[in-house]
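Down below is the structure, laid out as structure tokens.
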Amino acid sequence: MSVLPCQGCKGLCCGPVAITETELKKIRKKVKSMPRKLRNELEQQTRYFGTCIFYDMEKDRCGIYSARPEVCQKFGYHKELVCFKNPGLAVDGQPIEHRTIGILSVDYTWNDFK
């Protein structure tokens with residue numbers, strides 16, 4: 001599988017991020033295990049409107065990569081989630097079954113992970 005050309009995107013494709021109950025629990029566990037300094041640095045960053053609260057603008061990558069939601073894992077590789085820089089990577093056409101409970105940055109903010 002090819003890698004997405006994400007360098008320099010600054011999280012513009014990272015939002016809105018819909019999550020499920022299971023993903024919320026996984027993210028909470030990940031955030032709780034983060035070193036306090038890293039968590040504070042990530043929380044204090046200014047992001048583009050709508051960009052996921054866990055996108056690390058300074059490092060240009062996901063701040064919770066190992067716990068990222070399924071929609072993030074499929075982005076760029078699924079026909080419904082095409083990357084504008086390399087649309088040819090989107091070959092998966094299987095229906096996405098996603099019972100969401102909310103959206104990161106809208107329904108869930110840093111206050112929900114304290």
Gap between atom SG of C72 and atom CD of E23 - 0.5 Å precision: 8.0 Å
Throw together a table of side-chain donor-acceptor distances under 3.5 angstrom for residues 104-114, partners on residues two or more places apart or in other chains.
| from | atom 1 | to | atom 2 | distance (Å) |
| --- | --- | --- | --- | --- |
| S105 | OG | T51 | O | 2.9 |
| S105 | OG | I53 | N | 3.0 |
| D107 | OD2 | I103 | N | 2.8 |
| T109 | OG1 | N111 | N | 3.4 |
| W110 | NE1 | I53 | O | 3.3 |
| D112 | OD2 | T109 | N | 2.9 |
| K114 | NZ | E43 | OE2 | 2.9 |

Pair up each side-chain donor or acceptor in residues 57-64 with any protein partner under 3.5 Å, not counting sequence neighbours, and list the distances.
| from | atom 1 | to | atom 2 | distance (Å) |
| --- | --- | --- | --- | --- |
| D60 | OD1 | K10 | N | 3.1 |
| D60 | OD1 | Y55 | OH | 2.2 |
| D60 | OD2 | G8 | N | 2.6 |

Contact summary for K85 and C9, nearest pair of heavy atoms: NZ-SG, 3.5 Å
Contacts of type side chain to side chain donor-acceptor pair (under 3.5 Å), residue K30, not counting sequence neighbours: S66
Spacing of C14 atom SG and F75 atom CZ [to the nearest 0.5 Å]: 7.5 Å
Heavy-atom closest contact (I27 atom, A67 atom, distance): CG1-O, 3.6 Å
Nearest non-hydrogen partners of A18 and P69, listed with the distance: O-CB, 4.3 Å
Which residues share a side-chain contact (heavy atoms from CB on, under 4.5 Å) with T22, sequence neighbours left out: T20
Single-linkage hydrophobic cluster V82~L89, side-chain heavy atoms < 4.5 angstrom: no
Evaluation steps, side-chain contact (heavy atoms from CB on, under 4.5 Å), between Q45 and D56: CA-CA 8 Å; Q45 290 180 15; D56 189 330; 2.9 Å; yes
Side chain to side chain donor-acceptor pair (under 3.5 Å) against Q73, all qualifying residues, sequence neighbours excluded: none
Side chain to side chain, T100 and I19, heavy atoms closer than 4.5 Å: no
Sub-4.5 Å side-chain heavy-atom contact between R47 and C52: no
Side-chain heavy-atom pair R39, V31 within 4.5 angstrom cut-off: yes
Side chain proximity check, C83 to Y77, heavy atoms < 4.5 angstrom: no
Under 3.5 Å: donor-acceptor pair, side chain of R36, backbone of M34: no
4.5 Å side-chain heavy-atom contact, V71 and H78: no
Note, Y48 side chain near L12 side chain (heavy atom, < 4.5 Å): yes
Listed once per pair and sorted, the salt bridge (Lys or Arg N to Asp or Glu O under 4.0 Å) pairs that draw on residues 65-74, sequence neighbours left out: E70-K74
